[in-house]
Structure formats: C-alpha cells, structure tokens
Asker: 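Here's a structure for you.
Sequence lines set the chain letters: A, B, ... in the order given, protein chains first and strands last, and positions in each chain run from 1.
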There are 2 protein chains.
Amino acid sequence: MKNRIKELREQKGLTQEQLGTLIGASRQAVNAIEAEKFEPSIWIAYDIAKVFDCAIEEIFLFEESIRKSRAECSRREHNGHSRDSR
Amino acid sequence: MKNRIKELREQKGLTQEQLGTLIGASRQAVNAIEAEKFEPSIWIAYDIAKVFDCAIEEIFLFEESIRKSRAECSRREHNGHSRDSR
DNA sequence: CTAAAATGTCAAGTTAACATGACATTTACT
DNA sequence: AGTAAATGTCATGTTAACTTGACATTTTAG
C-alpha cells in the first residue's frame, strides 16, 4: 500500500536498518513495506507511526491504495447463503 | 489486542456477521478479533474503523495491549552484528 | 418454554507477513 | 576510481491471520 515512509524516514535522517531497529523489525521488512511489496502488520504500522509521531492513516494511505489481499478476489461467487448453513 | 469493537458494534445494532459482511470478512474473523484471539490485518483494522467512523487507534488500543507476536521473544540474543554479515 | 438468532469455538487448509542469510546494485564520500 | 554504506532483491522457512464448515452454547423473542 502507498505510504510516506521514505519521505519521513529521510526527513529524520534514518536508514532503513535504523528504522528497523527502532521498531524491532528487519531491514528487509522495512524495505519491502516502504517499497509497497507487502502490507505491514498492524503492530509494525503502529510502531512506524509512533517513530514519526503520526497516526497510522497519515503514513499509510489507504484511500489511494489498491487492496490486493482479501476482501476481493474470492468471496464473490459463493455468496447468497452467508448463513453458516444449519 | 484490546479494542472497542463490541461496544461500538452494539451501539450501532450490528451483529458480528453483519459487521463481517460490511468489511468483507468472515463472521469468525470478526469474532476472533473482537475477542482478542488474534490481531487484525491492517486492512481489516482500517475497514472496521471506517464503519465506526473512527481512527484505527481509537478502536484498537495499542497502548493498553500486550504485544504477543513479533518485536519481542526472539531477536534478543543474536544482536551485535546487525549488519548483513559480509 | 421453545425456537431462532447470535455468539463461541474447533479443525483443516491457504496465504502472506515476517525472519535470516546471501549477494547484487546503487549512492556517497574522499 | 575505489570503497563502504545503503538499498534492492531473492531463497527458504516459520507463523499467524485469515477462510469455510460444522457444531455447541448463549441470548433473545414470541
């Protein structure tokens, strides 16, 4: 998803590795999230937001993002029962 | 993690299943997240927040929550190199 | 009380978010 | 140019956040 990590990180003069250390995550995880390779877990999102003293929504731009994982793709044809089937 | 889903959901007169449908998730997922069985993905957290017209942090109470998953547990003994080792 | 709706919970399977390690490429400095 | 730091990226493995399906328990309403 779209995010402002790189912008804010450089503003603070942090490397990806340093940011990773600050939030207790790997350098590669920071890199991948920053590069929009995958979605952050909610805790990592929160930790990053805290480093930059922001709300999660100010860093991760949900509205402008394309949702790849759930909530689309499947769960499209097999609706109509919805009930647990008892 | 601690959250105010039940409170807000009932305030709106929604069932777990209805909330699940609104955010495109299963009833069981809503139940488990509400009961703090597991952490929501960031998209589910966002969708729930939007249903209740709140910020994520107003619904999921990070500060009061115990972090079970990452950022503790491992990554404690094997520090000191930090660099990729080349 | 009784039936239905809501909720709780378990099993099994899938998927993606991580971790670690390794190597390649780019950036920055002297 | 040369070198070190920073970044990009790939492979492999683990784990937890989901899914569907099924059944048990609790709550609600007539």
Asker: Give me the ring orientation class for A:Y46 and B:F62: parallel if the planes are under 30° apart, tilted from 30 to 60°, perpendicular past 60°.
Answerer: parallel

Asker: Nearest 0.5 Å please: distance from the NZ atom of B:K6 over to the CD1 atom of B:I33.
Answerer: 15.5 Å

Asker: Can a salt bridge be assigned to the pair A:E36 and A:K2 using a cut-off of 4.0 Å between side-chain N and carboxylate O?
Answerer: no

Asker: Would you say a side-chain N or O of A:S26 is under 4.0 Å from OP1 or OP2 of C:dA19?
Answerer: yes

Asker: Salt bridge check: are A:R67 and B:D47 linked by an N-O gap of less than 4.0 Å?
Answerer: yes

Asker: Using OP1 and OP2 only, check whether a side-chain N or O of B:N31 sits under 4.0 Å from C:dT7.
Answerer: no

Asker: Between C:dA16 atom P and A:I42 atom CD1, what is the distance in whole Å?
Answerer: 19 Å

Asker: Starting at CD1 of A:I44 and ending at C1' of C:dA19, how long is that distance when rounded to a whole Å?
Answerer: 10 Å

Asker: Check the phosphate of C:dT7 against B:R9, side-chain N and O only, distance under 4.0 Å to OP1 or OP2. Yes or no?
Answerer: yes

Asker: Do A:R27 and C:dG21 have a side chain to base donor-acceptor pair shorter than 3.5 Å?
Answerer: no

Asker: Heavy-atom nearest nucleotide on DNA chain C for A:P40 versus B:K37: which residue maps closer to 5'?
Answerer: B:K37

Asker: Could you tell me the separation between the CZ atom of A:F38 and the P atom of D:dT9, rounded to a whole number of Å?
Answerer: 13 Å

Asker: Report yes if at least one side-chain N or O of B:T15 is closer than 4.0 Å to OP1 or OP2 of C:dA6; otherwise report no.
Answerer: no

Asker: So does B:Q28 get a side-chain nitrogen or oxygen closer than 4.0 Å to the phosphate oxygens (OP1/OP2) of D:dG21?
Answerer: no

Asker: Whole-Å distance between D:dA17 C1' and B:E34 CD?
Answerer: 17 Å

Asker: Starting at CD1 of A:I48 and ending at P of C:dC18, how long is that distance when rounded to a whole Å?
Answerer: 9 Å

Asker: What integer distance in Å separates B:E17:CD from D:dT28:P?
Answerer: 17 Å

Asker: For B:I33 and C:dT7, give me the distance from atom CD1 to atom C1', rounded to whole Å.
Answerer: 15 Å

Asker: To the nearest angstrom, how far is A:W43 atom CH2 from C:dA16 atom C1'?
Answerer: 20 Å

Asker: Mark yes or no for whether A:E64, through its side chain, and A:L61, through its backbone, hold a donor-acceptor pair below 3.5 Å.
Answerer: no

Asker: For B:A35 and B:Q18, take the nucleotide of DNA chain C holding the closest heavy atom to each; which residue's nucleotide lies nearer the 5' end?
Answerer: B:Q18

